[in-house]
Amino acid sequence: MSPTELPDRYGNWAVVAGASAGLGAAFAASAASRGFKVALLARRANALDDTAAKVRDAHGVETRCIVADLASPGVEDAVARATDDLDVGLFVYNAAAEPAGRFLDLPLEEHRLNIAVNCSAPTALCHHFGRRMVDQGRGAIAIVSSMAALQGIRMFVSYGAAKAYELILAEGLWDELREHGVEVLSYVVARPDAYHGADSTAADRVLAPATPEEVAERLLTRLDGGPRQYSHDTDETNALAAAGRPRADVVRAMGEVTSRLARFEAPAG
Ligand SMILES: NC(=O)c1ccc[n+]([C@@H]2O[C@H](COP(=O)([O-])OP(=O)(O)OC[C@H]3O[C@@H](n4cnc5c(N)ncnc54)[C@H](OP(=O)(O)O)[C@@H]3O)[C@@H](O)[C@H]2O)c1
């Protein structure tokens with residue numbers, strides 16, 4: 001692949017929503033390594049500036065920071081104003097709200113925030129960038145979903161439901177937009193550190209690590225592999241196996257894992 005194959009195919013700029021930290025910062029860096037100029041969006045201006053500086057220093061590409069709250073109604077208008085002058089070839093929706101805890105113990109406001117960030121904003125921004133890309137006859141969109149989207153998930157009930165919305169949103173868009181030259185991908189991610197063994201019991205995960213950088217690189221190599229890709233082969237194998245099992249077993253098994261997460265343990269003493 002030539003260093004600018006993806007920008008040449010899709011357009012010069014990548015917009016990454018949720019790019020100040022975590023996987024989003026890795027997606028921004030991977031896009032830059034492929035020659036995209038990168039617009040990074042998040043709420044924290046300082047964190048965005050730091051990440052953008054690292055991306056520029058490492059890859060020598062132009063960057064732009066967009067400070068915006070994806071939970072704000074009408075955020076798509078602010079994003080449009082900040083990007084209308086750019087040839088946007090790649091849009092990655094990575095940001096997420098993650099209400100964690102038993103559904104009834106969390107304030108309703110947290111569940112509503114989850115819907116705003118994980119459902120409303122990706123819908124509005126895919127509508128905006130999808131239309132622009134269809135007009136250009138080229139482009140790529142990736143929505144970052146989760147293994148939490150594949151079954152009901154105790155302790156993350158509304159989060160899992162919202163990630164399922166994103167999963168299916170991207171798959172449907174893949175089918176509608178491909179006839180207009182636009183690739184759409186649902187990217188199913190698991191916790192990158194799940195493969196490093198700290199609290200993993202599965203030997204194959206220990207043997208097959210996935211860092212945020214590896215998760216990001218894999219996305220950039222599979223943009224035309226829609227409607228769905230997994231960030232790790234093990235997850236794809238597990239997902240396929242789970243699809244053939246009784247739903248109650250699958251949901252309970254996932255609940256056993258999430259209930260045991262350290263963050264839900266009662267404090268000692
Ligand atoms: N990491 C995992 O374990 C894992 C597992 C499965 C799926 N995923 C998925 O992978 C994606 C990234 O996860 P992550 O763990 O890397 O997340 P993270 O470290 O919490 O980073 C989330 C990013 O989104 C931004 N963001 C959050 N809320 C926002 C809002 N209201 N408006 C604008 N920006 C907002 C954050 O920046 P600011 O705080 O500066 O706004 C940050 O840049 C998510 O879609 C998540 O569902 C992650």
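None of the values given here were measured: they were computed from a predicted structure. Each ligand, and each atom within it, is numbered from 1 in the order the structure gives.
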- Message: Under a 3.5 Å distance rule, please check whether Glu214 uses its side chain to pair with a backbone N or O of Thr211 as donor and acceptor.
- Response: yes

- Task: List every atom of ligand 1 that sits less than 4.0 Å from any heavy atom of Ala21, numbering the atoms from 1 in the order shown and giving each element.
- Result: 43 (O)

- Should the proximity of Ala47 to ligand 1, defined as any heavy atom under 4.0 Å, be assigned to the side chain, the backbone, both, or neither? neither

- Message: Can a side-chain donor-acceptor contact be found between Arg56 and Thr63 if the only test is distance below 3.5 angstrom?
- Response: yes

- Message: Keeping Asn114 on the side-chain end and Ser158 on the backbone end, is there a donor-acceptor pair under 3.5 Å?
- Response: yes

- Task: Decide whether the shortest distance between a heavy atom of Tyr93 and an atom of ligand 1 is less than 4.0 Å.
- Result: no

- Item | Atom of Ser30, atom of Ser33 and distance for their closest heavy-atom approach | O-OG, 2.7 Å

- Can you list the atoms of ligand 1 that are under 4.0 Å from a heavy atom of Ala95? 24 (O), 26 (N), 35 (C), 45 (O)

- Task: Below 4.0 angstrom from a heavy atom of Asn94, which ligand 1 atoms are there? Numbered from 1 as shown, please.
- Result: 10 (O), 11 (C), 12 (C), 44 (C), 45 (O)

- Message: Within the 4.0 Å heavy-atom shell around Arg44, which atoms of ligand 1 are there?
- Response: 37 (O), 38 (P), 39 (O), 40 (O)

- Basic-acidic side-chain contact under 4.0 Å: Asp84, Arg81: no

- Proximity of Phe36 and Phe27 rings by center, below 6.0 Å: no

- Message: side chain to side chain contact (heavy atoms under 4.5 Å, CB included) for Tyr93 and Val15? Distances and angles first, verdict last.
- Response: CA-CA 8 Å; Tyr93 194 88; Val15 176; over 6 Å; no

- Do Asp50 and Arg44 meet the salt-bridge criterion of a basic N to acidic O distance under 4.0 Å? no

- Query: Which residues pass the salt bridge (Lys or Arg N to Asp or Glu O under 4.0 Å) test with Glu171, sequence neighbours left out?
  - Reply: Arg228

- Note on the structure: Quick note on ligand 1: atoms under 4.0 Å from a heavy atom of Ala19 include exactly 43 (O)

- Between Met147 and ligand 1, which part of the residue brings a heavy atom under 4.0 Å of the ligand: side chain, backbone, both or neither? neither

- Message: Any nitrogen or oxygen of Ser20 lying under 3.5 Å from a nitrogen or oxygen in ligand 1? Just yes or no.
- Response: yes

- Atoms of ligand 1 close to Ser146 [distance to a heavy atom under 4.0 angstrom, numbered from 1]: 6 (C), 7 (C)

- Quick one: does ligand 1 sit under 4.0 Å from the side chain of Ala190, the backbone, both or neither, non-hydrogen atoms only? backbone

- Note on the structure: Per-atom filter on ligand 1: closer than 4.0 angstrom to a heavy atom of Val144 are 9 (C), 10 (O), 11 (C), 45 (O)

- Query: What do you reckon, does Ser72 put a non-hydrogen atom under 4.0 Å from ligand 1?
  - Reply: no

- Ignoring hydrogens and angles, tell me if any N or O in the side chain of Asn118 forms a donor-acceptor pair with the backbone of Ala97 under 3.5 Å. yes

- Query: With a 4.0 Å cut-off on heavy atoms, is Ala97 touching ligand 1?
  - Reply: no

- CG of Asp85: more than 12 outside heavy atoms within 6.0 angstrom? yes

- Under 3.5 Å: N/O of Leu70 near N/O of ligand 1: yes

- Short list, please: which atoms of ligand 1 are under 4.0 Å from a heavy atom of Gly22? 16 (O), 19 (O)

- Task: Compute the minimum heavy-atom distance from Ala148 to ligand 1 and say whether it is under 4.0 Å.
- Result: no

- Ala17, portion touching ligand 1 at heavy-atom distance under 4.0 Å: neither

